Amino acid sequence: MPATVIVGTQWGDEGKGKIVDYYAERSDYVVRYNGGSNAGHTIMVGKDVFKFHLMPSGAVQNKEVVIGNGVVVDPKILLDEIALLGSKGHIPKLHISDRAAVVMPYHKMLDGIEERLRSEKIGTTGRGIGPSYSDKIARLGIRMCDLLDSRTLKEKLEFLIMAKQKMLDAYGASTKLDFETIFKEYLEYGSKLAGYVCDTSKLINDALDAGKNVLFEGAQGTMLDVDFGTYPYTTSSNPIAGGVCTGAGVGPTKIDDIIGVVKAYTTRVGEGPMPTELKDEVGKHLLEKGKEYGTTTGRPRRCGWLDLAVVKYAIMLSDIRKLAITKLDVLSGLHGIRVCTGYRIDGREYDIPPANIGEFARCQPVYREFKGFGDITGARSWGDLPEEAKKYLRFVQEFAGVKIVLVSTGPERHQTIKI
Ligand code: IMP
């Protein structure tokens with residue numbers, strides 16, 4: 001290990017949860033460095049099912065879990081998750097960055113209003129993510145340390161409530177923000193979370209210096225990255241591996257390993273171009289067999305063939321050294337399988353996604369065809385896989401130029417092939 005990053009190579013929902021769970025077992029720390037409660041992962045421990053949005057994976061494995069400064073924290077959601085864990089006898093060893101931005105009620109209101117007013121919808125999760133990051137960058141954010149300091153919170157909030165009320169009024173919203181209510185509510189969140197708040201960058205760097213294993217858990221995926229994704233149909237943070245440096249306060253040379261998670265097909269929630277999207281029976285097969293419904297919003301995900309141009313782009317951006325392939329079993333039962341290796345636009349060829357969103361929307365995928373394969377849910381080793389599945393994986397590995405180290409063939413922990 002010692003510092004390992006798990007990155008989503010597509011549009012999020014790559015099945016990172018299971019891969020993080022696998023690596024978390026041998027980690028001392030699990031760190032979130034980007035996103036907020038727009039993320040969602042389900043963890044099963046015996047009969048207990050935990051659905052988390054903010055809590056890093058590893059909380060139920062008794063690991064030190066860290067919410068880095070790059071995360072936007074909705075304190076109410078986090079407290080609910082702490083309470084849920086507590087009700088099942090788990091006391092998380094949680095650390096929250098004192099520098100992390102706080103999601104405020106007006107962020108969620110503005111997220112909804114701005115989404116409704118846009119002519120081209122993004123399809124956000126409505127969790128206030130974009131407005132929170134905007135305020136952070138505009139230096140109008142409230143940080144976790146402010147919730148522990150009533151004077152600073154009061155000063156900042158008085159101005160912010162006035163400014164945000166003007167915005168809401170200008171948008172024609174009827175909502176009236178009440179300073180006293182919000183001030184009291186957030187001060188209380190601060191007092192409940194105070195024991196977890198610290199300088200997490202120092203904590204993580206000390207842990208790395210002491211030879212501990214630290215796992216950085218990326219939320220969302222490369223194509224949702226605000227700089228490199230399908231802008232403006234992205235989230236507002238940097239899920240790529242570089243996000244670890246700014247979102248956790250760790251220097252780039254301290255990172256030892258970067259693992260890219262690739263779902264064996266492509267999905268995307270929300271709007272924006274997706275060249276390999278399938279609106280036919282195969283798309284339906286992937287949706288139903290893959291249970292492709294959003295953890296945070298419940299929305300059905302758009303499904304399509306694996307887009308290796310996207311994966312190659314992700315490998316380049318994050319310097320991914322190993323690949324974990326998830327949900328290979330979902331492809332079983334299909335007669336033929338396609339993989340996109342690049343695009344054609346107006347007679348020109350592209351091997352990675354273009355920046356111009358209009359061009360990306362006009363991309364025609366160039367496909368390679370493979371034969372289908374049968375049930376693989378029982379496969380426990382490379383040798384157990386049918387030849388056609390091996391051919392598919394070999395092609396992915398060769399095209400990507402990165403070694404596949406894990407293949408997931410079902411939701412259970414034991415349904416994982418280590419290569
Ligand atoms: P936001 O992050 O709520 O602003 O949403 C922006 C875009 O990112 C929307 O298309 C969302 O559906 C998508 N998105 C945000 N979080 C996730 C995630 O965890 N998985 C998949 N898509 C996400």
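Every number for a ligand or one of its atoms is a count from 1 in the order of the listing. Since the model is a prediction, treat every value here as computed from it, not as a measurement.
- Between the side chains of Gln10 and Tyr265, no donor-acceptor pair of N or O atoms lies under 3.5 Å.
- Heavy atoms of Arg268 come nearer than 4.0 angstrom to ligand 1 in no pair at all.
- Ion pairing of Arg268 with Glu292 is absent here, as no side-chain N (NZ or NE/NH1/NH2) approaches a carboxylate O to less than 4.0 Å.
- Between Lys16 and Glu14 there is a salt bridge, since a side-chain N of the basic residue sits under 4.0 Å from a carboxylate O of the acidic one.
- Here atom 11 (C) of ligand 1 lies nearest to Gly123 when heavy atoms of Gly123, Ala219, Gly229, Pro131 are compared.
- For the residue pair Thr124 and Asp111, a side-chain donor N or O sits within less than 3.5 Å of a side-chain acceptor on the partner.
- In terms of N/O distances under 3.5 Å, ligand 1 is not approached by Glu271.
- For atom 18 (C) of ligand 1, the closest non-hydrogen atom of the protein is Gln220 CG, 3.8 Å.
- Other residues, nucleotides and ligands contribute at most 12 non-hydrogen atoms within 6.0 Å of the OH atom of Tyr231.
- With Tyr29 as the aromatic partner, Lys212 does not meet the cation-pi criteria of under 6.0 angstrom to the ring centre and within 45 degrees of the ring axis.
- A donor atom on one side chain and an acceptor atom on the other are not found under 3.5 Å apart for Asn38 and His53.
- Residue contacts with ligand 1 do not include Arg127, since none of its heavy atoms lies under 4.0 Å from the ligand.
- Residue Thr124 places no N or O, backbone or side chain, under 3.5 Å from any N or O of ligand 1.
- Arg127 and Thr125 share no side-chain donor-acceptor pair at under 3.5 Å.
- Nearest to atom 23 (C) of ligand 1 among the protein's heavy atoms is Leu224 CD1, 3.6 Å.
- Shown in contact with Thr235 at under 4.0 Å from a heavy atom are these atoms of ligand 1, numbered in order with element: 1 (P), 2 (O), 6 (C).
- Only side-chain heavy atoms of Arg299 come within less than 4.0 Å of ligand 1; its backbone N, CA, C and O stay farther off.
- Looking at Tyr233 against ligand 1, nothing comes within 4.0 Å, counting heavy atoms.
- The protein non-hydrogen atom at the shortest distance from atom 3 (O) of ligand 1 is Thr125 OG1, 2.5 Å.
- Using modelled atom types, one finds no donor on one side chain facing an acceptor on the other under 3.5 Å when comparing Gln165 with Tyr106.
- No hydrogens or angles considered: a donor-acceptor pair under 3.5 Å links the side chains of Glu359 and Tyr350.
- For atom 20 (N) of ligand 1, the closest non-hydrogen atom on the protein side is Asp13 OD1, 3.2 Å.
- Side-chain atoms of Thr326 and Lys263 form no donor-acceptor pair, as typed in the model, at a separation below 3.5 Å.
- With ligand atoms numbered from 1 in the order given, ligand 1 contributes 10 (O) to contacts under 4.0 Å with heavy atoms of Gly270.
- With a heavy-atom cut-off of 4.0 Å, Val269 touches ligand 1 through backbone and side chain alike.
- For ligand 1, the atoms closer than 4.0 angstrom to any heavy atom of Ala39 are 19 (O).
- Near Trp11, the atoms of ligand 1 lying under 4.0 angstrom from a non-hydrogen atom of the residue are 21 (C), 22 (N).
- Contacts with ligand 1 closer than 4.0 Å are made by backbone heavy atoms (N, CA, C, O) of Thr234 only, the side chain lying farther away.
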